[in-house]
Structures are given as structure tokens and as C-alpha cells.
Amino acid sequence: MSIFLGSCKGKSEADNLNKTNIQKKPETTYQDSVQLKKARSVLAEAMKNIQKEHFDDKTEKLLDSARLKYRKLNYIPIEDLSNLYSYYDVLTYKTNQLDKNIQYNKEFINLYKNYDNKDYQKLLMATTNLGYSLGDIGKPLDALQESVFPIKNTIDSLLKETIPDSLKLQLQVAKIVNYRQLIIYAQELENGKILRESVDDFEAYLLEDNIPKQAEEFLPYALSNLADVCIDLGEFEKAKNHTSHWKSLVPPNKYIDQLMIIDLESKIQELNEAYDQLTFSFEKAKEVYDLIEENNRFKNMFYSSIIHREAKIELKKKDFDHELLDDRIKQLMEMSVSDIKKDQMFALYAYDLKVKKSFLTKNYDSVPYYLDVHLELASKFQRSDFLNKHTLNSVKYALLKNDSIDLDVAINNYLKRIKIKSLDEIDASYSRNNNLYGSLHTAQTLIELSNLILENAKLSNNQNLFQKSFKLALLSGVLVNENRSQFNFNVFEKNLIDNINTNLLLCRSLMEVANTENEMINDNIVNVVEQNTNSQLTIKNTINNIKYSYNEEVKKVLDTLNLMEVRIAQLKSQLIKNDDDKNLIEELDSLKLNKSNLLLSLKKQSYDSKINDALDFDVAELKSNLSKQEAIIRFYDYDNLYAFLISKNETKFFNLGNSEDLSQKVFNFLSDVKQLKNFRNSYDDVSSNLEFLSKNQNFKKVTMVPEGSVSLIPFELFFYKNLESDRVVNYNTSLKLIGNINKDNNKLLASYSPTYLEKPDNKNEFRVSIERSNNAYQLPFAEEEAAYVASLFDGDLYKGTAANKENFISTVYNYGVLHLAMHAYVDEDNEYNSKLLFSGSDSEDHLDLNTIYNLKLNADLTTLSACNTGFGRLDSEEGVLSLSRAFQYAGSDATLTSLWRVPDKETSIIMKHFYMHLKDGLSKDEALKKAKQEYLKSVDDPNLKHPYYWAGFVLTGDTSPINNSPNYWIYIIVGSLFLLLLVIIMKKRSNLG
């Protein structure tokens, strides 16, 4: 686990735990013997008091006295040391002196680790107790670094050695206990990286299937935490499996455990909207609940959450059962009348249901009273989730009453909780100069507030409400960006981002914006939506098990950055409660500065697009780097298709209409092009939505960053039908990637052209798909093309069976230009199954998307001279999911791909011209345009001039020229002329002399 390696403190502790034979027993003097006898006498008295449960000042003073006496010795016997600190641990923990408990456990560990023949169980126990205390005082990160990680490393190290079976068994038991603590502390940190690594590590251990029976006593509770975390991660199937495993270990008479299991099952059922199953779970829970003795303090804890969950589901029904609901509320109220403090909270659940019911039954007169009690209880029990619900309900009530004053009060009260004075001060750069104290949970509440207000604004066309909804969505987006370290990479976060982006863009299209505010608002939206879109892609790839690999240097920086962000989140949480603590403020400011410097150093490194999400995006910086002749058009597809035209001096906004309608138009147009039909009518239909292109023709270089159905069209056709303009069009997949390129100057080219088996009985699913499309499988022109490109650049040619996946993966880093003339298989139902077909007939012989994402490329350009390499299934996060994007993520500065299946011969003609112009020093986009123009000039048959044959090739990414190896003949000629001139000058001077 990288986080273990990145935690230097934790690793150092683990190394120290493994040191032995350091503390040598010296010769005992008479003075030492007397001192030891005194120390033992005082310690024995303290131990008797603790055994009698006398946890008072007198006992503590005895321990302190014994400690002072022992410290005067040259050598403390190992058993004495163990006894002294074991009883210190008991006393300080029982008296809730956790700071002292931490101090003494650390002291014991540092002393005990140096002894020979020590009892590792005692050492591990002290380290475990240290972790418990650190966790109890709200320091889960310290608990991980100083307890859990060192224990894990020590156990793993010892289990590799030859040790007695009894010790091995103890270590296996300790390992399970430690895994449970690992999950608990990782969950408390709300840090997705640590949490996911912790889960992966524990699950890998469970798969080893060598857990001794003695450890199974501790396994159920570890599995319960693991299942709960998997729910947070949105991995419900895993959660079900871990819950089933837990259930198989629980005896029939352990009713509390059974209730805990049903509680988890019902939680999964609620999130999956499996309402019938949840009703069944409630009935089962009631049976188990009735079997538990009345005085069990955990009896109501889990049953109450099941009741609350089942009642919420009932309220979602169109005609809910009033009697059933009232009965659930009554049960919760009765359970809240208890001496157990946690049970008293169930009244909060009851009032939560009463508020919901009042809204549904339109019993608005009772809402204020229920809201007040709800707030009082939520504040009393410090339940931020219910405080968030109270804000949502207060806003909902104010909107129902059409009371703008109460609406502002409800919003401002919430903002006050997260230390924001007013919505007016919020813009996309707010967090750079201010400390934002909200979490991802806060972002979720803010977007729900935005949703409520936006729905009301659309009904009334109230501009003031549009402004409020927009600002709340903007703040939510800024908080998401601020809290990226908290991502669990699940569908909930994906949906949150989707909601934020939708609201920002819809509000922008509905707001009446003054000209003076246009630029600022548009830039704010682009900053937030672009960052969120990149984060959404990272979330989606993680869900689909694409795990980025980094070189060790980048990995260390990212791990350090992650731990910084964890600490920043902790400090912000503390400052919410104590916002005038100067030490906390100074530490926070220092950490933010260090984080900023670390990100800057990361950005200055040779660019790796896989670190894209760690870096912030600033549209102002992007605009400052544009020339006056350049423009970028960024599309966003959220119900409607929106576009921002970004130039050096302005950012324009366009609403291009309903996405579904436009998708149908694009489909019709592409169908006409691919079938070589007259496409004038379908072209005009698409153009009607893209009129803004023809009205903004002042730029010579235009970078398109498409999304949605327009990702499938070649935009140069919509600027000029036959390439007659001097405008050059290129593409990119993200605004964040524009201008970020690899700095390595390696320009060596490799060209790949596999041959494919012809045996009919060897046909695989990929070949069948390709043959059905164009009735051919071999690519004779591609073979010739690959050889030509290799010879033109004096590069390496891999052909036939040498063009295999193994050769490609093992040598790809050596090349600055990659030319792949081969088939591609694009799975339109699941883009992660897409492959490049290298030599071979089996699936494992081909290069899949996951492998491409994790290649380490050093490429200035990757040309995928294959069918459909730029085409893939449409997706809201990525636009066109494609092999092209995967290569760009792997480190290729630019890719040249095709949007549809182009015949082998025509592809070869265009590719040869393209590389000739690259050789001459043209920029990549200009070289591609010239190649297309020359293709059109070279063909006499008017049918072959149809856009089907040439328009589908698109360049994505960096457009700068490829600087070839120096042309030494030019240097020789220039040098010779210079020498000749020098000789002439010298002769003239000698003649004058």
C-alpha cells in the first residue's frame, strides 16, 4: 500500500519495533539493587490499588514515584518495565487522562523496543492502546501513523520469519484486530485514498483464506466495519458479500449482532431503492428485537435506525399509510425516554419524520413548531446531518410561504455555520484567499438548497432566486474542488458533480446578466465546471478499476500531498468549533502554503496527465497564454448543450439547445456521411444549432473541446466545407491539458503494422466484428504506410508478428512518435472493453483500455491509423470515450485518430502526406490540414472527395511541430559558406596591409 510507504513516521516506528538485542543487561551494583527494591515496593502498592479499582490521585502518585525510582537505574528489568507501563495504561485510560495515556504508551514503546527476548504481544498491545487513545481524542491520522501502520508492518515482518506457532497465532489474531482499527480510522478521516487502500489491503488478506479459527472471534466486527465502508464507497455487492460472510460467523443466539446485520442490509436496500426487501428486513428485525433482554444497552441503537429507514421509505409512497407512520413515530419517541444518552437521540428521528409528514399532508401550520424542536435536538446531539436537514426544510417552508426574508435568514444561518458572511462574496477563486470550512457533505446540502430554489425560480421566473440558486451551486462546486481528498470515488460523488454543473449552466442560461458581469460569471462557471468534469472522470475511472500507476518520485509527492490535505481537513474541523485559536490558524496557513508550493513543483515536473486532477485549473491563466489569433470552444452537455468561446480578451456563453434533439440531428448527419449520401439537409440541421461558429470567424486557430454528441463530428466541416479557409482546427479533451506537454526531446519514431491470422477457424469476436463492417481483415496499404513512415523518419518498424503487445509495452517509452497502423475494436456498450488489435488471435494478445491508461509514454505524437480510434460510446464525463483519450492520459502529448471507419487506401494516402509535412517542420494541425487538402487534389473521382474519406481524421492535444533530428547537410552547407566568407575577409585584410 502506497500510503504505508508514504507515512515516514509510521514506517520508522515499524522498523524500530523490529530491532532487537540493543538493551544489554549491565552488571548490577549494590546501589542499583537497593534502588530496584524500593521501586518494586512502590509499584507493588500501586498495582494493588488498581487491582482493587482505586483509580485516584494517591495511586497515580505511587506510579509516578515508582517511575522516578526506576529511571535512576542503569537497567530496568523487562518485567518491571512492562508492569509499570501496563498499570499506567489502565489508570490513565480509566480516569480518561488520554494525553497521559498517549505519553506513557509512547514512552514504553521507545524503551521496550530495545530489549532482547521481549514479548511482542506486549509491544503490540501497547502500540494498539496508543492507537485507541489517539483515536479517542480525535486524531485518527496519528493513530494510523503511530499505531496501525507500524503494527501491520511489524506483524507482516514477523510472519515471514521462523517463529513459534503460538506467536504466529497471536499475530494472526492481532492482524484482524488491527485491520478493524485501520478501517475505522480511515473512515473517520474521510479520505478516499487512504480508505480505498485500506479496504483493498483488508480484502486481499481475506482472500488469502488462512485465517485461524482463533481469530474468527474478532473477524465479525472487522467485517461489519468493512461492509459499512463498502456502502460509503458505493460498492454494494461487496458490502453484501462481507455482510453475508459476517452473518455466517454469528451464532443464532447473538441477537445484537443479528440486528446489526439487518441494519446494514436495510441500509443497502434503501440506497438501492429495494423497498419490498426493506419491509421484509423490518419484520425480521422486529422478531430479533423482541428476543433481546430489556436491559441490553445496545437493544434500541440499531432497531431505531431500521424503524427510521423503513418510515422514510413509507413516506416516499404516493398514498402512504398514516397509521403505520404514526406507529413508527410513537415507537421512536418511546425509545427516546431512556437513561442512555444515545437512545435519547431517537426523538430527533421522530421529529424528522413529523416534519416530512407535515409537508406531504400540507399541514403547514405545524411545520414551524416541529422545525424548532428538530433544530433544538439536532444542536443538542451535535448531529450535522440533521442540522443540514433542518436548513433544507426551513428553506422549503420559506419558499412555500413566498417569504424572501425567512429565506435569507435560513440561508445565512447555514452559511454562518461554515464561516461565510454572504453569498455575494463567493466566486470560483474564493478558496484561494479564504479558508472554506465545509466538507463534501456541506457541498451536498448546498446543491440541494440550489435545487429547491431553482425549481421555484423556474415557476416564477424570479431573477433573484436564479441568482441565489447559481451562487449556492457555485459554492457547492468550489467546496467539491476544495475537498477532492475526501473523494471515495463513488456514484454519489459523480451525481453530486453532475447536479452542480447542471445547475450552474442552467442558471446561467436563465439569468439576466449585466454586460459588466458577463466575463466574471462566465469565467467562474468554466473554472468550476472544468475542474469538476475532470474530477468526475477520475471518479468514473476508479469505479471501473482503472488505477493509475505513477513513477516513484510523483507517487511520493502525491502521498505527501494527500497527508497534507488530511491534516488541513482536520484543522478546519477544529476551527469551526474554535475559530480564534491562533496556533491552529498559523498551522493551517503554513500547510496551505506548503500545499501550494508542492502543487507548483508537481506542475513543473515533466507533465503526467494522470496527475491532472491534483492540479487546479484557472481560466485566467489559460486566456493569458492565448494569442489574439487563437480561440478555444469548450462544450458542456447537461440536458442542453452549452458552449463557451474562450479567447484572450473574453469568454462568451451560448446555449445550443436540447441535447437529445441535437443528438438525433448529429446521428442523421453522420449516417449520411458514412453511407456516402448527400448530406446537405442533415448538415444544415446540425448547423442550425451551431450558428455561433459562423458568427465568430475572427480566429485563425481554433481548439475544440467537445462533449456529448458533437464529439462525433469533424468541426472543420462546420467552419468550411472544403478546407478553403486558412483557419486550422484541432481538438483537446480537457482545458486543463491545453499547454501542458512532456518536455523530453526524444523524437525517435516507432511504426507498428501487425498481420492477422487468416484461418477461418481462428476467427475471434474482434475479427468477426471488423469483417462484417468492411469485408476485409488484412490491411495491405497499412503495411506499406507503416514502412514508409518508419523510413521517412529513420525510425524502427515492427511488422508482422513482431508488432505484438509485449514488444509494444516493453519498448514504448523509448519513442517520441508512435504510428500504429492496425485494427481497433471499439465496444460501444462498454468502452473499457475496447482494444487495439496487435499481432495474435486471442483477447490477451490485444491492448485494452486499462493497460493503455497505465502506460508510461514519452510521446510527442501517437497516430492511431486504425478504424474508429476516436469514436466510442457517448458519456457525460468524457464526451467520446475512446482509445485516443486513454493514450493522452498515458502521456502522449497529441493523438491523431479517426471518427469512423476510413478505407485502408485513403487512410494511407493522407497519413503519408501528414508525415511528410511533419518532416518539413509544420505544426501537427497544419500538417493534417495540408494532408487533407493534398488528398482532395490528388483524387480525380469526385465521389472520393466526399468527406467520408478525409474529414474523420482529427488531431487531439498539443499541436506544436515535431523537431526532427538536425539536418546535418544544412549545417554543413551553412558552415562551409561561413568559412568561405571568413577566408575572403582575411584575404582582403592582408591585401590592405
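When a residue number appears, it is its place in the shown sequence, counting from 1. Side chains included, hydrogens not; waters and symmetry mates left out as well; all remaining heavy atoms used.
- Judged by distance alone, the side chain of Y179 and the main-chain N or O of Y205 form no donor-acceptor pair under 3.5 Å.
- A side-chain donor from one of Q187 and D232 sits under 3.5 Å from a side-chain acceptor of the other.
- With T533 contributing its side chain and V529 its backbone, the two residues share a donor-acceptor pair below 3.5 Å.
- Counting non-hydrogen atoms of neighbouring residues, nucleotides and ligands closer than 6.0 angstrom, the CG atom of L459 exceeds 12 such neighbours.
- For the residue pair D257 and Y221, a side-chain donor N or O sits within less than 3.5 Å of a side-chain acceptor on the partner.
- D403 places no side-chain N or O within 3.5 Å of a backbone atom of A398 that could act as its donor or acceptor partner.
- Between the CG atom of L423 and the CG atom of L474 there is a distance of 9.5 Å, given to the nearest 0.5 Å.
- Here the side chains of I539 and I497 are in contact, with some heavy-atom distance below 4.5 Å.
- Of the inter-residue distances, the one linking I231 atom CD1 with F492 atom CZ reads 9.0 Å to the nearest 0.5 angstrom.
- Contact of the T442 side chain with the Y414 side chain is registered, since non-hydrogen atoms from C-beta on lie closer than 4.5 Å.
- Not one N or O on the side chain of K540 forms a donor-acceptor pair closer than 3.5 Å with the backbone of K494.
- E565 contributes no side-chain N or O that, together with a main-chain N or O of N483, makes up a donor-acceptor pair within less than 3.5 Å.
- Residues K356 and E314 are not paired through a salt bridge, judged by the lack of any N-O separation under 4.0 Å between the basic side chain and the carboxylate.
- The pair E203-K238 meets the salt-bridge criterion, with a side-chain N (NZ, NE, NH1 or NH2) lying under 4.0 Å from an Asp/Glu carboxylate O.
- Residue pairs meeting the ring-ring contact (aromatic ring centres under 6.0 Å, His included) criterion with at least one member in residues 237-283: none, sequence neighbours excluded.
- At a threshold of 4.5 Å between non-hydrogen side-chain atoms, the residues N532 and V480 count as touching.
- In this structure, K458 and L506 have side chains that are in contact, with non-hydrogen atoms separated by less than 4.5 Å.
- With a 4.5 Å cut-off on side-chain heavy atoms, N393 and F359 count as touching.
- Side-chain atoms of L563 and N191, non-hydrogen and from C-beta on, never get closer than 4.5 Å to each other.
- At a threshold of 4.0 Å, the pair D326-K357 counts as salt-bridged, since one of the basic side-chain nitrogens sits closer than that to a carboxylate oxygen.
- Among the candidates Q277, E270, K247, M260, the single residue satisfying the side-chain contact (heavy atoms from CB on, under 4.5 Å) test with E265 is K247.
- In this model, a donor atom of one side chain and an acceptor atom of the other lie less than 3.5 Å apart for E448 and Q444.
- Two residues are said to be in side-chain contact when any heavy atoms from C-beta on lie closer than 4.5 Å; I411 and V395 meet this criterion.
- More than 12 heavy atoms of other shown residues, nucleotides or ligands fall within 6.0 angstrom of atom CG in D290.
- Residue pairs meeting the ring-ring contact (aromatic ring centres under 6.0 Å, His included) criterion with at least one member in residues 298-326, sequence neighbours excluded: Y289-Y303, H308-Y349, F320-H322.
- For K380 and E376, the salt-bridge test fails: no basic side-chain N is under 4.0 Å from an acidic carboxylate O.
- Surrounding CG of N402 are at most 12 heavy atoms belonging to other residues, nucleotides or ligands under 6.0 Å away.
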Inset, instruction - For the pair S281 and Q269, evaluate side chain to side chain donor-acceptor pair (under 3.5 Å) and give the outcome as yes or no after the intermediate values. - result: CA-CA 9 Å; S281 292; Q269 289 156 3; 2.9 Å; yes
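- Within the 4.5 Å cutoff, the side chain of L324 has heavy atoms near those of the E310 side chain.
- Judged purely by atom type and a 3.5 angstrom limit, E493 uses its side chain to pair as donor or acceptor with the backbone of N490.
- Residues forming a side chain to side chain donor-acceptor pair (under 3.5 Å) with K572 (at least two apart in sequence, or on another chain): E482.
- A distance-only check finds a donor-acceptor pair linking the side chain of D581 to the backbone of L584 [under 3.5 Å].
- Enclosure of atom NZ in K342 is not indicated, since only 12 or fewer non-hydrogen atoms of other residues, nucleotides or ligands lie within 6.0 angstrom.
- One finds the CG atom of L436 at 5.0 Å from the CD1 atom of I420 (value rounded to the nearest 0.5 Å).
- The backbone N or O of L259 sits nowhere less than 3.5 Å from a side-chain atom of D263 that would complete a donor-acceptor pair.
- For the pair K152 and F149, the NZ or CZ position fails the cation-pi test of under 6.0 Å to the six-membered ring centre and within 45 degrees of the ring normal.
- Here the side chain of S147 pairs no donor or acceptor atom with the backbone of L144 at under 3.5 angstrom.
- Of the possible donor and acceptor atoms, one in the side chain of R196 sits under 3.5 Å from a partner among the backbone N and O of F489.
- Across all their heavy atoms, L415 and L475 have their closest contact at CD2-CD2, 3.8 Å.
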